[in-house]
Amino acid sequence: MKRLLIAAATASLVLTGSALADEKPDILKVGITTFLSGPASVFGEPAKAGAEMMIADINADGGIGGVPVEVYFVDEGAGGEALLAEYRRLVEDVGVDAMFASISSGNCTKIGPLAEDLKVLNIMWDCGTQRIFEENDFRYSFRTQANATPEMLSTVLYLLKTKPDLKTIAVVNQDYAWGRDSWAIFSTALKQLKPDVEVVAEFFPKFGAPDFSTEISRLQALRPDAILSTSWGGDLDTFVRQATQRGLTNTSTLVLPLAESSLERLGGALPAGHIVGARGDHYFLHPEKAGDAAFTSFVDDFKERTGAYPIYPVFHMAQALSALEGAYKKAISANGGAWPGDEAVIDAMSGLTFAGLGREVTIRDDNQGVEDQLLGTTVRVDGYDFALLDNMMMFDGDAITTPVGMISAEWLETLTPEFVDSVAFESFSHGS
Amino acid sequence: MIQSLRLLIPALALVVVALIPVFAPTTQVLLTLALAKSLAVLGVIVLLQAGQVSFGHALYFAVAAYTATFVGKVMGGGEIVVTLLAGAVAAGTVSVVVGLFVTRYRHIFFGMLNLALSMIFFSFLEKFYFVTGGSDGLSVARPTVIGLSLERGPFEAVLFYGSLGLVAAALFLTDRFLHSSIGQMMRAIKTNEVRLEYLGISARHVLLIGYVVSAVLCGLGGALMATAQGIVTPEYAWWIRSGEFVFIAILGGAGSIGGAVAGALIYESVRTYAAAFAADIWQMVLGFILLVIILFAPKGIMGIFQGLQPRAGSSRTRGGTKVEPAE
Amino acid sequence: MTERPLLETRHLAISFGGVTAASGINISIYGNRRLAIIGPNGAGKTTFLNLCTGYLKPHSGQIFFDGKDVTRVEPRLLVRRGVARAFQIPQLFTEHTVMENMLLAGAAASRRMSPFLPMTRIPERKDVQHILEMVKCEHLSDRPVAELPEGQRKLVDIALALALKPKLLFMDEPTSGVASSEKFEVLEIIAGALDMAGVTSVFVEHDMGIVERFADEVAVWNRGEVLFRGSPQDVLAHPDVMRDVIGEDA
Amino acid sequence: MNATLFALALFDGISYAALVFLVAVGLTLIFGVLRVLNVAHGSFYALGAYTTASIGSAIFAASFAPWLAFPLMLIAAIGVGILVGGPIEKLLLSRIYEMEDVLQILVTFAVFMILEDAQRLIWGVQPLFEATALNALGTIEVLGITYTVYQLIFLPIVAVAVLVALRVGLRRTLTGRLITAVTEDREAATSIGIDAEKVYLITFMVGASLAAFGGALASATTSVVPGMGADMIVLSFAVVATAGLGNIEGAALTALLIGLGRSFAVYLWPEVEVLVPYLIMLFVLLVRPQGLFGMPDARKI
């Protein structure tokens, strides 16, 4: 019953005689790159813990297609050379059947071409840069979650739906590719959807900055209606806490697309009334999963094991594992029940629909996953010593993802203010 | 006769390295990366002869890596001979300008000014992300090799043996340089700069020459690393990478140019396997190795190696190049 | 028609934190002679050498070498014009052998340096070998200088200066640190080498016996000034000198 | 930029400078006496922050009085200095004083690498945050902007107090005089019977405590995260080199310079903010090679 990774069984045609049965291996080996050191280990460690729990469950049920899964973790924090060298070693020496790489978009960019060279199934399980599949045509890499474009676009939509009178906005993002890219997408979309909003300040303090006092003073003087920050981890925590300590949260609405991963840590520091996103429909109190025993028991087990509720990297990991399982099932069934060849598994990934711990995700033709986006506004609720989400909206992934073959920047330019009302979404409130 | 004997052991060692991938094919890329790094370490060792340590040589590593990348982009893929050369020339050019400034300084100040400059470049690479790709860096297209477009397999083989050849040539030329009058004057800067001035020689000028040589070596290493890795990131200029070069120099044996290669090979192996098998504590493992080397074998791996052969050791320390603990 | 001095100072003055180390020194040094500088400790003898060799810059006054103004010229440029220097504490390259020290000087003197020609094979090798023979140190060629006794280090220090083929050599106490039984022997060698090389020299010395025997001329320093100048005999017979210098030194 | 903004930039700069000074001063003190540039200094900063935050979280969760946060910082800092700094000096650094400076720096680099992983093993990777001290002091409104009393008033006062205490301590107390003597002339001090080993140990522990104290104070305003020490080292190096190695008052002035430079950059040209410390360092060293207050050392020949 604790099986969690239920791959949506997709009906598939049995192509008789077209595939050769490979010998069934004793173990299915999976390599996972994740941050175990450095600031991004706030994502990497929970994801690793989640992977271990979920794989134990898979193996308890006999493994994938009857083959138990063995996992190898690689530290992305060890730097580029070590990561690539280790990636190769796992593929060439250890002979892993699939790789999950990675958290960092930079590492995904590095690994994409390498996976093509090594001809190994590469699931980009957490990285968000929209460029990957817009600028490359990969056969072996797939992304089992959304990318930056739908994540930012849904944030703009939520902001405009909840604050239709928005006049001014400022941004405080980390100074690295994600901070810059996400602002580029956000500001492009905002300009198209509500052209009269004025950007009053753009701050890009360096990654890992310990102090935002000066930026906060400046923002207090400017008093923008909303302040966007796509920061995460310690940087986000520091910014939010300093903003709250100095009363900035009383005068401006914070828009924090990644703050789902910081809610519990922030505790009382994040007051009610601010916008929080989750890079997908990831939330330990997912409004559609309240009665789902598998979901709630996983959340409880995870909390018990790690001391914290699962955050979006854990959910992303669940999606990656679910996709892997789904692809093998699909390929096995396409192969008449016999163990499939490596290429057959790759073929099975295309068009695959699967679900991790949220709604279903579908892999498109360009290997990009289409995932719905959940955002909400913080609310203080008895029984939790940290902020929860209320006034949630779940946006339909198809409508907000850049169409296959288009570049995000160009697609966003085609949007008009009418788009805000045309996008399908569902609303949920806390406890509903 | 002595000269040829002196070259015999390094030559044998290179042959051994050349044979490793034949027996363990998957080590090839790791070895290529280690060889690229060893060029940068060689650069650091050149400066160490003058008693100066730069905690910012990653600057030249990064300058060359990015230059090679941009030249490759402009050429639409590029030719490896051209991109490597462009990287080395860029590193050399920047080092002349920077060198004119930093050669006024010695010891801690020298080290820290280099550190500051490399950090400025690091911040620059992160800031100007529309040009440099920010912290995600830029991917490097696979260049042609003397006009030939190669598949991954042959390209990696060519790159490995090419790097080996490049390292062999660099070792030979650096050895000649260090034994030349200018090279020996570098060591004179370390022991008595006042006297050098009273011989009518500008210590700054000598140090500048050594600085440029070391930057070019670092640059070659950086351009090679970018090509082998297929990506450049600002991390190429990060201060911890400069520290790593110095670390490897000491690990290998700062006095001996062969130590650059020995150190880089061992360091890369330890680092890679530590990251794989002790993912939580690989930094700690490296830290302990460094402590053990400094406290118990300050002449590094080459020192240990020479210690095992007293005869060869004593004949080499004389005209050669070694760093002793200060008296 | 008077002979033009090789080196001439005019009103040379410097002070350190209120202590005057040179207060308007006027002195002319003529070619092919050995001038000894004597005086009590703190009289400014070494300061004078430091000024003449560019290590210190005077606060006022001028220095002329070979008729040209060389005030404030850097040591290494003065060296190239022909002013060399030996030191009270020998300044050697302690990680090199005697021969390598000399080769460095030889390479420096010619300033033609190939980055790939081993230093051991530079054409100046013969010249520096000859100079080592002049200071009777040829048998020490392969010894690391760090191992040598002080007397021999002094000789190598002077040999380094001579390898530059200077016109004028300043020596700061060439026999200090040398056992008194060997002082005459060491200075004998130095004097012989200087004569052979035809180098004019100025040396600071405390030992009156040595001054008497090796100096052509003596200048007496006191409180940053030239108190008296003359032949060794005249100087040693001078009552003020006896009181201020010898009295203290004896 | 009007007068109000100028004043705001000034306030922000001063409070940032206070923290930078507290960290840098320990580095410069250690360098002045031991002549070792301590790369592990950033680790002490991080250890101070981690210790304070983790103990703080535990005791305030158990409803101890908030004012305890202040003595806690001091105790944590001194504890780190003595329990971590002490053994490092005694077991490692004391064996390398005769080595080249390259090797000395590398030893501290190795310690830095080890401590980085040690922090992760002990405290994990999740950011810690403990702001009881800051919340206890409340906020103050200046020119329409809300500041925390902790950052605007308390930190600068602590920085000035540390500066004064160091000055007085070094000049008036016996230990201070011994430290000064060793700083000025190591050989002479040893020759008149000063126990240099003990002076080194004490200085290192004081320096490490200062770094840890900086971390402890910072922990109330910022997330305590893995890798927080690495950035602090580079910044402290810049301060110390600009000031002149070993110069305490210089470190204070340079910290102020860098703090103000940084906050004015945020107001006027945010893109160059990260470069400010390095640009100040380069500019100063171009004009004064030995740093603002450093003494050029001439070799006796």
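To find a chain, count down the sequence lines: A is the first, B the second, and so on, and within it residues start at 1.
Partners of D/Y278 by side-chain hydrogen bond (donor to acceptor under 3.5 Å, both in side chains), not counting sequence neighbours: none found.
Interatomic distance, D/M113 CE to B/I289 CD1, rounded to the nearest 0.5 Å: 9.0 Å.
Classification of the B/W239-D/F112 ring pair by plane angle, with boundaries at 30° and 60°, yields tilted.
Between chain B and the options D/V111, D/L282, D/V39, D/I96, heavy-atom pairs under 4.5 Å are most frequent for D/L282. The greatest number of non-hydrogen atom pairs below 4.5 Å with chain D, out of B/L295, B/V53, B/I294, B/I293, is found for B/I294. Most heavy-atom pairs under 4.5 Å with chain D: of the set B/A116, B/G51, B/A249, B/G111, this distinction falls to B/A116.
Heavy atoms of B/Y105 lying under 4.5 Å from chain D belong exclusively to its side chain. For chain B, no part of D/L115 is nearby; none of its heavy atoms comes within less than 4.5 Å. If you measure heavy-atom distances from B/L291 to chain D, the contacts under 4.5 Å come from both the backbone and the side chain. Only the side chain of B/F55 has a heavy atom closer than 4.5 Å to any heavy atom of chain D. For a residue to count as touching a neighbouring chain, one of its non-hydrogen atoms must lie under 4.5 Å from one of that chain's; by this rule D/L106 touches chain B with backbone and side chain alike. Using a 4.5 Å cut-off between heavy atoms, B/F288 contacts chain D through both its backbone and its side chain. For chain B, the nearby part of D/L275 is the side chain; its heavy atoms alone come within less than 4.5 Å. Interface remark: D/V240 contributes no atoms to any contact with chain B (heavy atom separation under 4.5 Å).
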Item to check | Worked verdict on B/L290 versus D/V107 for side chain to side chain contact (heavy atoms under 4.5 Å, CB included) | outcome: CA-CA 7 Å; B/L290 184 55; D/V107 164; over 6 Å; no
Item to check | Chi angles and distances behind the side chain to side chain contact (heavy atoms under 4.5 Å, CB included) call for D/V274, B/E126 | outcome: CA-CA 10 Å; D/V274 261; B/E126 294 223 308; over 6 Å; no
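Nearest heavy atom pair, residue B/M112 against residue D/A241, reads CE-CB, 3.3 Å. In plain terms, the two heavy atoms of D/D117 and B/Q283 that are nearest each other are OD2-N, 3.0 Å. Across every non-hydrogen atom of D/A110 and B/G287, the tightest pair is CB-O, 3.4 Å.
Counting heavy atoms of neighbouring residues, nucleotides and ligands inside a 6.0 Å radius, atom CZ of D/F283 does not exceed 12 of them.
A 4.5 Å side-chain heavy-atom check between D/M281 and B/L113 finds at least one atom pair inside the cut-off.
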